[in-house]
Amino acid sequence: MDKLLIQGGQRLVGEVNVAGAKNAALPILCASLLSAGQLDLGNVPNLQDVRTMLALLAQMGVRAEVSGHAISLDGRWVDKPLAPYELVKTMRASILVLGPLLARLGEARVSLPGGCTIGARPVDQHIKGLQAMGAQIELEHGYINARIKQGMRLKGSRIMFDMITVTGTENLLMAATLAEGETVLENAAREPEVADLAHLLVAMGAKIDGIGTDQLTIQGVEQLHGARHQVIPDRIEAGTFLCAVAAVGGEVTLRQIEPHLLDAVLKKLSAAGVRIESGSNWIRASMHQRPTAVSFRTSEYPAFPTDMQAQFMALNCIAVGAAQIVETIFENRFMHVQELNRLGANVMVDGSTAFVTGVAHLSGATVMATDLRASACLAIAGLAAEGETLIERIYHLDRGYDQMEKKLSALGAQVSRITETAAVAQST
Ligand SMILES: CC(=O)N[C@H]1[C@@H](OP(=O)(O)OP(=O)(O)OC[C@H]2O[C@@H](n3ccc(=O)[nH]c3=O)[C@H](O)[C@@H]2O)O[C@H](CO)[C@@H](O)[C@@H]1O
Ligand SMILES: C=C(OP(=O)(O)O)C(=O)O
């Protein structure tokens with residue numbers, strides 16, 4: 001397993017091109033299951049999760065051609081509605097094949113996503129919604145077996161989500177595009193990645209009203225066609241680089257970003273003392289002092305994203321003052337705390353609140369990445385720490401960041417990847 005070796009203490013200076021959004025690209029790739037037409041996608045990030053999704057779609061019959069960040073998908077031959085555990089276990093977003101398969105082929109057998117990482121993450125809202133649309137669903141041997149009666153389509157329905165769910169909204173949105181009649185999704189997620197998927201579906205011929213709001217109204221159509229689409233920029237990757245500058249100082253300009261996607265994050269960075277300037281597709285962050293600690297609570301878009309919680313915690317660890325961080329979305333998303341404390345941070349957790357008291361210095365150590373954003377948090381802490389930090393299990397990082405160490409190195413950070421073979425060679 002690869003590791004990341006960081007020599008802390010370097011300021012970050014330069015420019016970064018922000019990649020396409022992982023959480024928009026994954027549902028968009030699944031939309032290829034909905035149509036026999038060709039999808040030509042641009043700005044698709046080069047990530048492990050994207051490769052896993054392409055492997056999953058390939059075994060259902062989707063043919064893909066990848067050329068850099070452009071991917072063409074052909075759903076003409078989709079005929080195998082099975083998502084096996086071996087592929088699903090590594091990526092929870094695999095559940096996004098359920099709605100499209102059911103809507104297009106009338107049946108789906110999808111492994112329940114495995115393992116608790118940042119929380120239990122049940123998929124009951126996905127299942128209840130599809131049942132309300134007429135699907136017969138049974139859970140058996142760890143699989144969701146779903147089907148529609150022979151010769152029937154899913155039926156439009158009024159669905160109120162019990163809680164706001166991003167992939168739940170995306171799954172039902174995709175299913176509803178091919179359902180018979182009108183579907184109304186209430187208490188829908190408003191995340192920009194949901195809106196990006198909806199824009200692609202409209203380009204494929206879907207009829208959707210209320211994009212970007214918490215009520216989506218979909219008039220089902222008999223079939224969808226091919227389309228071209230550019231994936232929106234990754235607001236979480238962008239926010240991660242901004243947190244890194246805030247923690248270690250310097251001046252970095254992000255390119256290929258839409259600043260409005262980061263409103264809540266930029267406000268907190270300003271409160272931490274970062275000077276933020278922005279234009280239509282760029283953000284510049286300058287930081288020349290120790291950050292001031294900032295308190296926040298995570299919530300659904302447009303409020304502060306849970307996917308930025310860990311990175312802001314790293315920043316708070318070396319800030320002046322103390323902060324309270326309340327995590328309201330996932331019940332087990334503080335696993336980075338123990339590792340931050342190994343670097344000399346002062347963080348205590350009580351239920352869903354973390355109390356962070358800033359310290360003047362962190363000191364490098366070997367730490368273990370436990371999930372995707374925890375890995376990013378440890379990378380930021382390692383950049384700010386004195387001496388060497390070795391982050392183990394960075395396969396989590398590769399799920400969601402497109403060559404993070406190369407981008408950081410280009411900004412002047414001393415970061416290198418140690419591959420398994422090199423690690424073995426080093427230890428012998
Ligand atoms: C691929 C992708 O887009 N992942 C994002 C997506 O995850 P994901 O879509 O899995 O997260 P959800 O929005 O569904 O989860 C929000 C909350 O609802 C709960 N819940 C969800 C569905 C359900 O059927 N039942 C239920 O109880 C979850 O356990 C969680 O506590 O949104 C999260 C919240 O912004 C982000 O952190 C993830 O990066
Ligand atoms: C939790 C995340 O992703 P996923 O839903 O794919 O696990 C994330 O992107 O921070």
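Both counts, for ligands and for their atoms, begin at 1 and track the order of listing. The model shown is predicted, which means the values in this text are computed figures rather than measured ones.
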**Item:** Enclosure of E182 CD (heavy-atom neighbours >12, cutoff 6.0 Å)
**Value:** yes
**Asked** Does ligand 2 have a heavy atom under 4.0 Å from the side chain of M91, from its backbone, from both, or from neither?
**Response** neither
**Prompt:** Does T169 reach the main-chain N or O of A189 with its side chain, forming a donor-acceptor pair under 3.5 Å?
**Reply:** yes
**Atoms in ligand 1 flagged as close to R333, the criterion being non-hydrogen separation under 4.0 Å** = 37 (O)
**Minimum-distance protein heavy atom relative to atom 3 (O) of ligand 2** = K22 NZ, 3.0 Å
**Asked** In terms of residue, atom name and distance, what is the protein heavy atom nearest to atom 20 (N) of ligand 1?
**Response** M163 SD, 3.8 Å
**Message:** Please determine whether a side-chain nitrogen of the Lys or Arg among E327 and R333 lies less than 4.0 Å from a carboxylate oxygen of the Asp or Glu.
**Reply:** no
**Item:** atom 9 (O) of ligand 1 - nearest protein heavy atom and its distance
**Value:** T167 OG1, 2.6 Å
**Item:** Identity and separation of the nearest protein heavy atom to atom 1 (C) of ligand 2
**Value:** R333 NH2, 3.3 Å
**Prompt:** Please state which protein non-hydrogen atom is closest to atom 3 (O) of ligand 1 and give its distance, to 0.1 Å?
**Reply:** N23 CG, 3.2 Å
**Message:** When you compare the side chain of V202 with that of I211, does any pair of heavy atoms fall below 4.5 Å?
**Reply:** yes
**Fill in**
In this structure, atom 31 (O) of ligand 1 is nearest to the protein heavy atom I329 O, 2.6 Å
**Message:** For Y301, does the six-membered ring have the charged nitrogen or CZ of R190 within the cation-pi criterion, i.e. under 6.0 angstrom from the centroid and within 45° of the normal?
**Reply:** no
**Message:** For atom 5 (O) of ligand 2, what's the nearest protein heavy-atom neighbour? Residue, atom name and distance, please.
**Reply:** R121 NH2, 2.6 Å
**Request:** Please write down residue, atom name and distance for the protein heavy atom closest to atom 24 (O) of ligand 1.
**Result:** Q125 N, 2.8 Å
**Request:** Tell me which protein heavy atom sits closest to atom 14 (O) of ligand 1, plus the residue, atom name and distance to 0.1 Å.
**Result:** T165 OG1, 2.7 Å
**Message:** So, regarding F330 and ligand 1 (criterion: nitrogen or oxygen to nitrogen or oxygen, under 3.5 Å), is there a contact or not?
**Reply:** no
**Prompt:** Just which atoms of ligand 2 are under 4.0 Å from any heavy atom in I118?
**Reply:** 1 (C)
**Asked** Any idea which heavy atoms bring V265 and P305 closest together, and the distance?
**Response** CG2-CD, 3.8 Å
**Asked** Of all residues at least two apart in sequence or in a different chain, which pass the salt bridge (Lys or Arg N to Asp or Glu O under 4.0 Å) check with R158?
**Response** E186
**Request:** Answer yes or no: is there an ion pair linking E180 with R153, defined by an N-O contact shorter than 4.0 Å?
**Result:** no
**Asked** For atom 16 (C) of ligand 1, which candidate among L96, I164, L372, T328 holds the nearest heavy atom?
**Response** I164
**Request:** Identify whether the distance between the nearest side-chain nitrogen and carboxylate oxygen of D49 and R92 falls below 4.0 Å.
**Result:** no
**Message:** Other residues, nucleotides and ligands only: do more than 12 of their heavy atoms fall within 6.0 Å of CZ on R121?
**Reply:** yes
**Prompt:** How far is atom 13 (O) of ligand 1 from its nearest protein heavy atom, and which residue and atom is that?
**Reply:** V166 N, 2.8 Å
**Item:** Option set I127, D124, D307, criterion heavy-atom distance to atom 36 (C) of ligand 1, minimum
**Value:** D307
**Prompt:** Which ligand 1 atoms does R121 reach within 4.0 Å, using its non-hydrogen atoms?
**Reply:** 7 (O), 8 (P), 10 (O), 29 (O)
**Message:** To check your reading of the model: name the closest protein heavy atom to atom 22 (C) of ligand 1, its residue, and the distance in Å.
**Reply:** P122 O, 3.3 Å
**Request:** Check if G168 has a non-hydrogen atom at a distance under 4.0 Å from any atom of ligand 1.
**Result:** no
**Request:** Could you tell me whether R228 atom CZ has more than 12 heavy atoms of other residues or ligands within 6.0 Å of it?
**Result:** no
**D307 neighbourhood, listing ligand 2 atoms whose heavy-atom distance to it stays under 4.0 Å** = 8 (C), 9 (O), 10 (O)
**Request:** Using a 4.0 Å heavy-atom cut-off, say whether R373 meets ligand 2 through its side chain, its backbone, both or neither.
**Result:** side chain
**Item:** Atom CE of M163 with >12 non-hydrogen neighbours under 6.0 angstrom
**Value:** yes
**Request:** Pull out every atom of ligand 2 sitting under 4.0 Å from any heavy atom of R399, numbered as shown with elements.
**Result:** 3 (O), 4 (P), 6 (O), 7 (O)
**For the student: nearest non-hydrogen atoms of E86 and T90, plus distance** = O-CG2, 4.3 Å
